[in-house]
Structure formats: C-alpha cells, structure tokens
Amino acid sequence: MIKKSKKLLIPIIFSFLLIGCNNTNSDNNDVNPNPPIGGDIGDEEDNPIENELTTLNDFFTYQDLDETMTYGGFTPSSGDIDILLVPVEFSDLSNFSDSELKMIDETFNNESPSYFESVSSYYYEASYGKLNLNFVMTDVYESSLTSSQFKRYEVNGNGTPILLDDMYNSLTIDGQRINYYEYDKDIDGYVDGVWMIYNNANKEEVFVNSDYWAYTSYLGGEKDYNNPTFNTFANCSKYFLYQGNSSGYDAHTLIHETGHMLGLEDYYSYDVTYSASGGLMMMDLNIGDNDSFSKFSLGWVNPYLYNKQTKVTLKPFASTGECLIIPSGNSFYNNPFGEYLILEYYTPTNLNYFDSTSKYIDRPCLYSESGLIIYHIDARLVEVRNNRASFIHSDNIDFSKTYSFNDYIYTAYSNTHSYSEISSTNNLIEIVSATNINMYNSGFSNNDSLFKLNDSFDSTSFTSFFRNDLFNDGSKVNINFTITSLDESGITLEFN
C-alpha cells in the first residue's frame, strides 16, 4: 500500500498490500511538446541493416533522480551496498529466540537459500551481478516504547520515526557503536538503508488492524556527510517471514519492499481491484523476477532500440537482460523516463522458476510458459512547482539543484490514477496482453497474455490499448510483427 499525496508527504509509504491498477490510454491530448533526442528515430535509412541494433548506454536512473524527488536518499542500485538490519523488540512482547535471529539473518543474506531466494541472492541475480546487498545485522534493539505505544504513534505515521530517532545514538553491532559513515556508500549524507523486523507475529494484528505492516518510507531529514542520518527505511512484523513457509525464511515481501528502497513504485493500484501491469511481477504481486522497465530504470539492463529492423532476436530476459524498446515519436529521450514499448522474452526460469511452479500464498502462479511480454511504459517526468505539474525534457533537469517539499520532479503517471501528478487514465506500466484484453480491473494476466510462436502483433488491431493506433503522447505506434521462432535460446520477431 502506498500512502502518498501529490506533494509526496513525509513519510511516504510503500507497502505490501496488493490490489489493482489501471490501464486505459484515452488521454491523447496530454502531448509532450518536446521533441525526442537524436532526431527522427523512424528514418529507415539511418539503420536499415537487419539486427543492427543500437544499445542504450549512459542513461540516468532512479538513483540519479532521487535528489530531485523531494525526499532523496534511495538505496544505491549498484555496487557493494551494506544495509543495516535491526531486530526490534518491544518489552511487552516475547523476545526473539536465537533461532529466529538466525532465520532473519539468513532470509536476508543466505547465498543458497532453501526456500525461494534471500533478499541478497535475489537482487544479485536480478541485477545480473550489478548489485550486491549485504544486510548487516545489529544487536537487538530494545525499544523504549511498548507495542501499544508504538501502535498509537504509528496511526499517524510517527511510530517508526520515533523508533529510528531513538535508536540512532544507541544502535550497536557486537556491542560497538556504529560508524554510520561506513553505511553511506553513495556519500549523500544519508545511511543507505535501514531494515527493521519487529518481534510481533500476531496475524490478526497485522492483517486486520494493519499493525506492524510491511512498508517502505523516507524520513526526509537533514543530511550529514560526516555522520550520515537515517532516511530510507523498510519495516515489518516477523510474521511476513512465515507467510509462504511455516519455518520462516520467506523473503517475497522483503524483496518487494527492498525494491521500493531502490526507488521502484508499486505497480498495483489502490483505486481498483486488479492492475494494468497484469499482476505477475515482483513490484505487483510480490512474485517472480523484476520486469524490464524496473531493471532499465535501475540501470541493470541496456535495452536495444528498435529502428526499422526487419528481424530482431532476443535471448531470455531472465538470464541475459536483453530487451527491446520501441520508442514513441514525441516522448522518448534515450532513458527510462519517457514513453515507449519495452519487449522482453519471458521464460519460467531463473528467478521466475519458483513462482511459476508453485503458488505463493493466495497469488496466481507466474507464467508457466515462455513467450514475449510487451509493456507499454509512460514514465514521462513532470516538474512540480507550487502544486502545478508540467512535463520536463530530461535535458532540462538540473541534477545539482536542491528541491523542496513543494518543488520536485516525479513521474507524471502512476498505476494508481489518484496518485498521478497529472489527472489521467494513463499508467506508468501496463501489459499489452496477446488476448487484446486490457487488464485494468479485469483480472490477472496468464499464459494467454504472452505472445507465442506464430502469433502476430499489429498495433492497429490492439484497440484496447492504443486508441487510433496512438501512443499517449499522440504519436503513431505503427508496429506490426510476427513471432517466427521461439525456443530455449531465444525468440525472433519479423517486422512488416
């Protein structure tokens, strides 16, 4: 669940609750007036050679944007990053046992987990080795608050800030005070991240009263480059570690929340029951691998850029990160924050295997077949000044500027329409289903949503997604291809 206003209230809360989303592309009047970088991508003479694809490099990501987005301080999405892992005990609840502390540590850090993945192993594989998270467990923090006091404060969002403020000067590792400078790898004046696990496992309190809920938020306090302060944090009841596995060690929710720490949004909706994304991804239903847009926006993949090729072959996305961008005519800027289609060859392998072969709690299974996934992305950015949002060209962003509470940059659209900076039915990410059924409030996607061997995609026929064959920015989609081969090594698209 995201508790967020258009002004990005502090603390902004990203949570584990999974609901729905939206998916109608009817707002073709909100055209970005800025032309695309690099001229006319549709000029066939520029690159007529089959499979001679341009690879996108040196683009900015959420990590680069975070200073412009009011709160700042996202957990770095690359490198060897240490995150503080804090077991929190309330005095009126049972203390953690030694076996529980071991379980918490292994759920975050185990390189060869017995159930699904640990948080660390998941992100190492999802990032293709670019992000190595190490969760450093502190000594148990004994809160000065009782659980009842914490819950009363937390109703207004003050419980976790009070905890973090109290523990800052008393937190230890093996009895030694922590040098927070060592936990600020990107040197932004903030500790790179704090994860708190509470000694509460009461299912009713968690799911009925939403106490000790799983969410991510940001304190937005003053930076200190010599003694970095707390900002980005995630927290939850230990109950979540037992959701899919009665022995504990279930990292699904922890992985989802860590995605928020890196900058990713929820792709489900708080407005409706189902989601434009189709649900079957980590940042929606907490299952499987991260999608191609998420990995692009975190800098983990370098997509190919389609430019009138006649044939394109993609290797499995889960193992290689290969994906293809078909840009809009007016609003693609050679970075993740524009409008485009992104295509990936999905296979039920690697991080997809576990959740495609076994059902995770009440979620549907991941796709159990291989096929092409098409996502329509509208991640155009707006600059907000005094509550008025206007599109901003990426060349015009001043990354050195200090933004304020009422002055910031953010994506224009959300899969929760009421959260969008510009009123619209556009979505941040939606799956273009092979069934031509818009997933907005229609159900979760399934194997039939994938494009398979001999299937064709003609954008003029997919009227559930493209009115008059137009992108949201008003430019033509005009794409037609057939899948001519599909096997474990790759998928081939022949364009007409």
Side-chain angles (χ1 to χ4, degrees), residues 20-25 56 59 62 126 259 264-269 274-285 287-298 300-306 312 314 316-318 321-328 331-332 335-347 351-352 366-367 370-380 411-416 425-440 442 444-452 455 457 459 462 464-466 470-473 477 479 481 483 491 493:
C21 182
N22 197 308
N23 179 311
T24 311
N25 296 326
L56 293 176
F59 48 84
Y62 273 123
L264 300 178
E265 290 209 33
D266 284 312
Y267 298 154
Y268 55 83
S269 171
Y274 296 103
S275 56
S277 71
L280 306 190
M281 56 172 61
M282 178 50 68
M283 296 315 296
D284 194 328
L285 288 179
I287 55 177
D289 198 358
N290 281 123
D291 58 276
S292 46
F293 166 65
S294 294
K295 296 190 184 191
F296 184 25
S297 64
L298 293 175
W300 297 342
V301 298
N302 300 93
Y304 296 125
L305 184 61
Y306 177 75
V312 174
L314 296 174
F317 178 72
E322 287 194 354
C323 50
L324 177 70
I325 283 179
I326 298 175
S328 66
S331 306
F332 183 70
N335 62 58
F337 303 101
E339 187 181 6
Y340 50 93
L341 304 182
I342 190 164
L343 283 59
E344 64 179 75
Y345 178 34
Y346 170 90
T347 55
L351 292 178
N352 294 321
L366 263 180
Y367 313 103
S370 298
L372 185 76
I373 295 180
I374 302 176
Y375 290 118
H376 178 196
I377 307 300
D378 196 344
R380 288 178 284 173
T411 50
Y413 306 114
S414 168
N415 278 22
T416 297
T425 55
N426 297 343
N427 296 289
L428 175 64
I429 176 172
E430 66 180 356
I431 186 171
V432 180
S433 174
T435 60
N436 205 2
I437 296 175
N438 195 305
M439 292 293 110
Y440 169 58
S442 299
F444 297 122
S445 52
N446 54 44
N447 286 332
D448 292 338
S449 304
L450 305 175
F451 290 84
K452 305 186 183 76
D455 283 352
F457 172 76
S459 58
F462 278 71
S464 295
F465 302 95
F466 309 106
L470 297 176
F471 281 104
N472 295 338
D473 70 1
V477 182
I479 289 294
F481 63 80
I483 297 175
I491 190 169
L493 317 179

May I ask you to test the E265-T416 pair for a side-chain heavy-atom distance under 4.5 Å? no
Can you list the steps and then say if V432 with F457 is a side-chain contact (heavy atoms from CB on, under 4.5 Å)? CA-CA 10 Å; V432 180; F457 172 76; 4.0 Å; yes
Just checking, is any N or O donor in the side chain of Y267 or S294 under 3.5 Å from an acceptor N or O on the other one? yes
Heavy-atom nearest pair, M282 first then G288, reads CE-O, 3.4 Å
Could you tell me if the side chain of Y304 sits less than 4.5 Å from the side chain of V312, heavy atoms only? no
For a quick test of reading the model, state the closest non-hydrogen atom pair linking A318 to T347 and the distance between them. CB-OG1, 4.4 Å
Parallel under 30°, tilted from 30 to 60°, perpendicular over 60°: which one fits the rings of F451 and F462? tilted
How far apart are the closest heavy atoms of L324 and L305, and which atoms are they? CD1-C, 4.2 Å
Distance, nearest 0.5 Å, that separates CZ of F466 from CZ of F471: 6.0 Å
Checking side-chain polar atoms at under 3.5 Å, does N426 have a donor or acceptor matched by the opposite partner on Y413? yes
Please determine, by modelled atom types, if N438 and Y440 share a side-chain donor-acceptor pair under 3.5 angstrom. no
Exam field: side chain D266 to backbone Y268, donor-acceptor pair closer than 3.5 Å: no
Between N335 and F296, which heavy-atom pair has the shortest distance, and what is it? C-CZ, 3.6 Å
Close side-chain approach of D291 and F317, heavy atoms under 4.5 Å: no
Rounded distance (nearest 0.5 Å) linking atom CZ of F481 with atom CG of L343: 5.0 Å
For the pair N427 (side chain) and A276 (backbone), establish whether a donor and an acceptor sit closer than 3.5 Å, ignoring hydrogens and angles. no
Flag for S292-E344: side-chain donor and acceptor within less than 3.5 Å: yes
Is there side-chain contact between V477 and L341, with heavy atoms separated by less than 4.5 Å? yes
CD1 on I287 to CG on L366, rounded to 0.5 Å: 4.0 Å
Provide the closest heavy-atom pair for I431 versus M439 in the form atom of the first, atom of the second, distance. CG2-CG, 3.7 Å
Side chain proximity check, Y62 to L298, heavy atoms < 4.5 angstrom: yes
Is a side-chain donor or acceptor of S464 paired with a backbone partner of N436 at a separation under 3.5 angstrom? yes
How long is the gap from CG on L314 to CG on L493, to the nearest 0.5 Å? 6.0 Å
Between atom NE2 of H376 and atom CZ of F465, what is the distance when rounded to the nearest 0.5 Å? 11.0 Å
Can you check whether M283 reaches I429 side chain to side chain, under 4.5 Å on heavy atoms? no
Tell me if a side-chain donor or acceptor on N352 pairs with a main-chain N or O of D289 at a distance below 3.5 Å. yes
Ignoring hydrogens and geometry beyond distance, is a side-chain donor-acceptor pair present between S445 and Y367 at under 3.5 Å? yes
Ignoring hydrogens and angles, tell me if any N or O in the side chain of D378 forms a donor-acceptor pair with the backbone of L428 under 3.5 Å. no
What closest approach, in Å, do P327 and Y340 show between heavy atoms, and which atom pair accounts for it? CA-CB, 3.9 Å
For a 4.5 angstrom cut-off between non-hydrogen side-chain atoms, does S297 reach F293? yes
Value for CD1 (I373) from CD1 (I491), rounded to nearest 0.5 Å, stands at 10.0 Å
